[in-house]
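All figures in this text were calculated on a predicted structure; none of them were measured in a lab.
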There are 2 protein chains.
Amino acid sequence: MGMATTPVRERTRSEIRQHAMELFAEKGYDATSLQDIASVVGCSKATVLYHFNGKPAVLASVLEPAANLVAELVAEAGQLPPAAAQERVITGFTEIVVRFRGLISVLNDVVPKMDQMPEFHAMVEVGMVLTRLLAGSDDPRQLGLAGYAIQGLLGECHTPVQRTDDDLRDLAVTAMHRLLVVPPPETTPAP
Amino acid sequence: MGMATTPVRERTRSEIRQHAMELFAEKGYDATSLQDIASVVGCSKATVLYHFNGKPAVLASVLEPAANLVAELVAEAGQLPPAAAQERVITGFTEIVVRFRGLISVLNDVVPKMDQMPEFHAMVEVGMVLTRLLAGSDDPRQLGLAGYAIQGLLGECHTPVQRTDDDLRDLAVTAMHRLLVVPPPETTPAP
DNA sequence: GTCTATACGAAGATAGAC
DNA sequence: GTCTATCTTCGTATAGAC
């Protein structure tokens with residue numbers, strides 16, 4: 001309480017997080033062992049487990065910045081009217097996913113096990129609210145399409161196809177508009 | 001060479017495949033150990049590994065029927081004109097995925113590791129041809145949307161959301177049409 | 001508080017007896 | 001063809017040095 005917290009702990013912690021992030025993005029979550037992380041950091045497995053309460057906790061820490069951005073986006077869009085919120089989420093979520101695309105691919109190692117990982121329950125909750133905002137309504141059909149749109153984008157992040165960030169962004173925004181934004185039937189005649 | 005192949009080998013092999021299929025669909029690929037399979041079959045781990053050259057080979061064997069159906073679909077659609085082939089692939093691929101949806105979810109455990117698994121190179125090839133037929137053209141933008149459509153469908157199979165087979169089929173067909181089938185601009189005036 | 005050393009059980013895989 | 005025994009490496013847990 002008295003002085004600032006010791007800097008040593010935080011320094012080691014963030015070094016572990018940094019190198020774990022790189023290894024997860026490079027080889028995937030399952031394929032990265034605690035020994036791999038410890039070797040790159042230059043410490044022992046036990047040290048990694050002193051700073052993080054198990055391997056899932058390392059992943060949660062790595063994912064935290066992206067998860068926070070999504071949570072902020074959802075909170076912000078939640079105060080907009082449905083159509084504006086939908087548009088905000090399409091561009092905002094795409095931007096976040098593109099920025100962290102190397103990390104997104106590890107989500108697929110994790111999604112099947114999320115039930116047993118309390119660290120990720122909050123992320124699941126945010127994901128459900130995001131889906132609803134993206135859908136623009138509570139219509140089950142529209143909610144289904146929103147989930148489909150999210151799955152498509154996440155899947156594109158761990159596909160072997162090479163794609164620039166700009167191409168991925170354009171693809172995602174185009175796809176989400178086609179899937180979710182109902183074309184105004186006869187609103188705009190050609191100018 | 002002389003007589004028919006010994007039936008014993010094939011019998012054990014298909015028992016392993018059958019029970020492995022059920023376990024993979026139920027718990028996922030990563031969460032199913034060779035010991036789990038051996039226990040259900042009533043043999044030892046070593047016996048499983050005698051019949052299959054490693055755990056990925058077990059998975060490849062389990063996935064083979066679905067992979068063959070997709071390969072047949074691709075071969076058949078490849079002889080149609082682009083628009084008809086696209087429609088054939090949309091309904092046919094959706095049908096196969098829905099039928100094997102319990103197994104499709106394990107694909108996501110596998111996709112990231114496909115590089116190191118020669119058993120699956122043929123499946124990757126077929127997937128690329130499927131994508132092109134679904135796209136309907138070689139336009140990179142259209143190919144991107146086709147890949148997005150496939151990823152969305154596969155993702156829907158391992159999502160926690162409950163959905164009937166009919167609902168999943170309707171969702172997939174709707175999504176693929178919106179993503180890929182260009183709406184005829186002014187072709188059909190209201191009747 | 002921070003870290004190393006060591007041990008445990010389970011995983012995939014292999015060698016060799018029967 | 002099937003087994004037991006064994007190997008290596010994984011994630012995890014604990015004891016104790018500094």
Note to self: I need the minimum non-hydrogen distance between Cys157(B) and Ser105(B), along with the two atoms involved.
What the structure shows: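 That closest heavy-atom pairing would be O-CB, 3.8 Å.
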Next item on the list: Could you tell me whether Ser44(B) contacts a base, only the sugar-phosphate backbone, or nothing, with contacts defined as non-hydrogen atoms closer than 4.0 Å?
Entry: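 Answer is base: heavy atoms of Ser44(B) come under 4.0 Å of a base.
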Notebook entry, point to check: Under 4.0 angstrom, heavy atoms only, what part of the nucleic acid is Leu34(B) near: base, sugar-phosphate, or nothing?
Noted result: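 Answer is sugar-phosphate: Leu34(B) comes under 4.0 Å of backbone atoms only.
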Starting from [atom2] on [N], measure out to [atom1] on [X] and report it in whole angstrom.
{"X": "Lys55(B)", "N": "dA13(C)", "atom1": "NZ", "atom2": "P", "answer": "8 Å"}
{"X": "Lys45(B)", "N": "dT6(D)", "atom1": "NZ", "atom2": "C1'", "answer": "10 Å"}
{"X": "Asn53(B)", "N": "dG12(C)", "atom1": "CG", "atom2": "P", "answer": "15 Å"}
{"X": "Lys27(A)", "N": "dC10(D)", "atom1": "NZ", "atom2": "P", "answer": "8 Å"}
{"X": "Phe52(B)", "N": "dG1(D)", "atom1": "CZ", "atom2": "C1'", "answer": "14 Å"}
{"X": "Leu49(A)", "N": "dA7(C)", "atom1": "CG", "atom2": "P", "answer": "18 Å"}
{"X": "His51(A)", "N": "dT2(C)", "atom1": "NE2", "atom2": "C1'", "answer": "7 Å"}
{"X": "Arg13(A)", "N": "dG1(C)", "atom1": "CZ", "atom2": "P", "answer": "14 Å"}

Margin query: Quick check: on DNA chain D, is the nucleotide nearest Cys43(B) upstream (toward 5') of the one nearest Ser33(A), or the reverse? Name the residue that is more 5'.
Written below: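 The residue closer to the strand's 5' end, by nearest nucleotide, is Cys43(B).
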Notebook entry, point to check: Between Asp170(A) and Arg141(B), is there a side-chain N and carboxylate O pair less than 4.0 Å apart?
Noted result: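 Looking at Arg141(B) together with Asp170(A), the answer is no, because their closest N to O distance does not fall below 4.0 Å.
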Margin query: Regarding Glu15(B) and Arg11(B), does a basic nitrogen lie under 4.0 Å from an acidic carboxylate oxygen?
Written below: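 Looking at Arg11(B) together with Glu15(B), the answer is yes, because their closest N to O distance falls below 4.0 Å.
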Item checked: Lys45(A) NZ/CZ over Tyr50(A) ring centroid, <6.0 Å and within 45° of normal ->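 Because its charged atom misses either the 6.0 Å distance or the 45° angle limit, Lys45(A) does not stack over Tyr50(A).
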Within the structure, does a side-chain N or O atom of [X] lie under 4.0 Å from either OP1 or OP2 of [N]?
{"X": "Tyr50(B)", "N": "dG1(D)", "answer": "yes"}
{"X": "Thr47(A)", "N": "dT2(C)", "answer": "no"}
{"X": "Thr12(B)", "N": "dG1(D)", "answer": "no"}

Check: Less than 4.5 Å apart, any side-chain heavy atom of Phe93(B) and any of Arg88(B)?
Finding: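 SC-SC contact between Phe93(B) and Arg88(B) ruled out.
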Item checked: Options dA7(C), dA13(D), dA13(C), nucleotide nearest the side-chain atoms of Ala46(A) ->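 Minimum distance to the Ala46(A) side chain belongs to dA13(D).
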